[in-house]
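Structure, as structure tokens:
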Amino acid sequence: MVWHLTSYWKSLITPLFFCLLLQPPQTLPSITTKPNIVLLMADDLGIGDIGCYGNDTIRTPNIDRLAKEGVKLTQHIAAAPLCTPSRAAFLTGRYALRSGMDAINNYRVIFWNGGSGGLPPNETTFAKILQQQGYITGLIGKWHQGVNCESYNDHCHHPLNHGFGYFYGMPFTLISDCITTEPPEMDREFRRKLGLYTQMMALTTLTFALARLTGLISVGWKTVTCLAVFSFLFFASWFSSYGFIRYWNCIMMRNHEVTEQPMVTERTTSFILRESISFIGRNKHKPFLLFLSFLHSHTPLLTTEKFLGKSRHGLYGDNVEEMDWMVGRVLDALEKEGLKNTTLVYFASDHGGWLERQEGKRQLGGWNGIYRGGKAMGGWEGGIRVPGIFRWPGVLPANTVIDEPTSLMDIYPTVVHLAGGVVPQDRIIDGRDLMPLLQGKVQHSEHEFLFHYCGVHLHAVRWHQKDSGAIWKAHYVTPVFRPPGAGACYDRGYCPCFGEGVTHHDPPLLFDLSRDPAEAKPVTAETEPLFDTVIKKIRRATEEHRRTLTPVPDQLSTYNIIWKPWLQPCCGTFPFCWCDKEGDIKLTDL
Ligand SMILES: *[C@@H]1O[C@H](CO)[C@@H](O)[C@H](O)[C@H]1NC(C)=O
Ligand SMILES: *[C@@H]1O[C@H](CO)[C@@H](O)[C@H](O)[C@H]1NC(C)=O
Ligand SMILES: *[C@@H]1O[C@H](CO)[C@@H](O)[C@H](O)[C@H]1NC(C)=O
């Protein structure tokens with residue numbers, strides 16, 4: 001706030017100076033110039049996967065360098081434990097349920113490029129404000145915030161409709177189905193259900209046809225033909241599901257154009273890196289915002305040969321080390337263009353590592369260090385506490401660690417203010433400007449309370465009691481781990497938010513994270529004299545927060561989630577969607 005006022009004041013007196021002296025002032029400190037902003041976001045990376053957060057066997061020298069030259073946050077919190085809602089909150093600076101981007105049922109992320117849900121066009125992303133402030137804005141990599149509303153190319157949810165002037169990447173997210181050699185994630189479910197219907201239909205048709213032929217019943221051939229057509233359609237969609245998910249979801253786009261359908265996964269990594277470096281190069285003379293949204297380290301862990309078998313943690317470790325190398329290449333590009341001191345670089349993960357993602361004994365999800373729980377769990381720290389690093393040489397201190405609670409939603413007001421913009425006044429913004437904290441001008445984060453949602457269900461609340469330094473966390477709902485004590489929900493692949501798979505706590509489970517960051521042992525009214533006071537305080541804050549929520553259309557409703565042929569982005573004539581518009585490129589070319 002202090003800084004914001006100063007910059008506002010300066011923006012007022014600068015023209016005045018100019019008029020009076022008829023020469024531009026020469027001594028404005030660098031902070032008043034609009035810095036370039038590079039946001040690096042990993043996918044499903046755990047806080048325990050990174051060297052500077054305590055991992056001593058995965059090699060992440062470039063991310064570690066970023067921390068050494070900047071500020072490392074130890075309590076950086078994602079607003080949701082899954083991609084779609086966490087990224088919606090990140091982009092809008094608001095809890096995902098304010099934009100309708102959090103789950104009301106079991107569909108907790110966007111499932112298809114051909115669905116109708118997505119980030120509503122009337123939400124204002126920070127990219128949009130930066131664009132209005134004269135920034136060149138680009139998104140490279142993963143989006144996962146929807147594509148269309150009503151037709152296959154209205155692109156109402158597309159990055160280009162949300163403030164990004166350039167987009168190259170996946171409108172969806174990486175899934176195992178994108179690689180033909182991997183056991184598919186989505187296909188399995190699909191096949192199981194459709195396969196059953198198909199067989200029933202085929203049997204019915206056959207029965208009717210035989211009965212008709214033998215004269216047992218007198219149904220018309222029309223009926224039999226009808227049934228045959230239906231069976232054929234079911235068969236077709238059943239077979240097509242073997243691999244067709246790849247055609248529907250695993251696509252790459254450049255701006256509004258589909259460039260690869262399905263994507264050629266072998267070269268995706270090099271394309272993403274090439275695009276990022278070229279974006280920096282061609283925009284070095286203007287202030288720019290680059291959001292590099294990695295496909296790493298989400299399964300199926302696309303990794304190029306150069307990194308395969310090189311880490312001590314199997315394919316997952318190889319993939320993380322490759323991502324770190326990409327981070328290094330981007331930092332090198334900034335340095336080479338002479339932009340190091342004029343660029344704010346940020347690194348984070350969208351949420352915690354995915355504990356249940358294993359194949360046999362092989363761990364394919366991330367590692368959340370000492371923190372309990374993981375991806376998909378709204379309350380436990382492992383699902384939401386992520387790495388958070390800022391670097392801006394000369395403006396932010398180097399080699400500094402800050403333990404205050406901060407949120408991924410804080411990026412929004414932070415970059416908006418740096419760009420000289422103002423956050424929207426007609427809605428609630430939950431993020432807070434981080435600059436005063438990062439610069440060491442204030443001791444405490446502005447967040448007193450943070451609310452931890454699982455879908456639209458409030459699972460836990462964090463209270464930072466600033467005078468004592470305690471960080472209380474009350475859990476109202478926790479997932480039931482299976483097998484019991486396993487620390488995750490191995491039987492279902494991820495933990496649910498409501499229903500039989502959760503336990504309700506009244507009074508809530510209470511932890512003081514400043515003394516027990518691993519949430520190992522809850523305090524009770526017997527062991528903690530402040531127990532009742534803390535619970536009461538948190539309850540009041542929650543009621544107040546609840547009053548600020550207003551109903552909005554559910555973007556993840558069943559209707560919005562399901563695949564609709566007329567919304568499918570298609571390179572060609574539907575249903576023959578196939579293209580490859582990219583030449584070949586090797587990593588060594590870079
Ligand atoms: C480092 O990361 C790997 C892979 O996620 C994990 O298995 C290992 O336990 C981590 N090591 C430490 C010390 O956290
Ligand atoms: C960049 O900032 C650092 C740290 O303040 C300073 O030592 C260095 O000289 C600066 N480099 C340039 C090119 O201004
Ligand atoms: C966007 O539109 C929806 C539906 O009309 C409305 O409920 C919501 O409040 C609007 N959001 C904003 C930020 O204006």
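Start at 1 and go down the list; that is how both ligands and their atoms are numbered.
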Tell me the residues surrounding ligand 2, counting only those with a heavy atom closer than 4.0 angstrom, sorted by chain and number. Asn341, Gly394

Considering the heavy atoms of [X], write down every atom of ligand 1 situated less than 4.0 Å from one of them.
X: Asp49; result: 2 (O), 4 (C), 5 (O)
X: Gly54; result: 13 (C)
X: Asp56; result: 13 (C)

With under 30° as parallel and over 60° as perpendicular, where do the rings of Phe288 and Phe279 fit, or are they tilted in between? perpendicular

Mark the output for Gly48 as yes if a heavy-atom distance to ligand 1 is under 4.0 Å, and as no if none is. yes

Worked verdict on Phe307 versus Trp325 for ring pair (Phe, Tyr, Trp, His ring centres under 6.0 Å): CA-CA 10 Å; Phe307 287 90; Trp325 168 77; 5.5 Å; yes

Under 4.0 Å from one or more heavy atoms of Glu123, ligand 3 contributes atoms 13 (C)

With heavy atoms of Asn122 as the reference, note each atom of ligand 3 found under 4.0 Å away. 1 (C), 2 (O), 3 (C), 8 (C), 10 (C), 11 (N), 12 (C), 13 (C), 14 (O)

Lys/Arg N to Asp/Glu carboxylate O, Glu321 vs Lys310, below 4.0 Å: no

Aromatic centroids of Phe347 and Phe294 separated by under 6.0 Å: no

Which value, rounded to the nearest 0.5 Å, describes the distance between Asn113 atom CG and His157 atom NE2? 11.5 Å

Can Pro553 be said to touch ligand 3, with heavy atoms closer than 4.0 Å? yes

Residues two or more places apart in sequence or in another chain: which of them pass ring pair (Phe, Tyr, Trp, His ring centres under 6.0 Å) with His545? Tyr95, Phe451, Tyr453

Shortest non-hydrogen contact from Gly366 toward Leu355: O-CD2, 4.0 Å

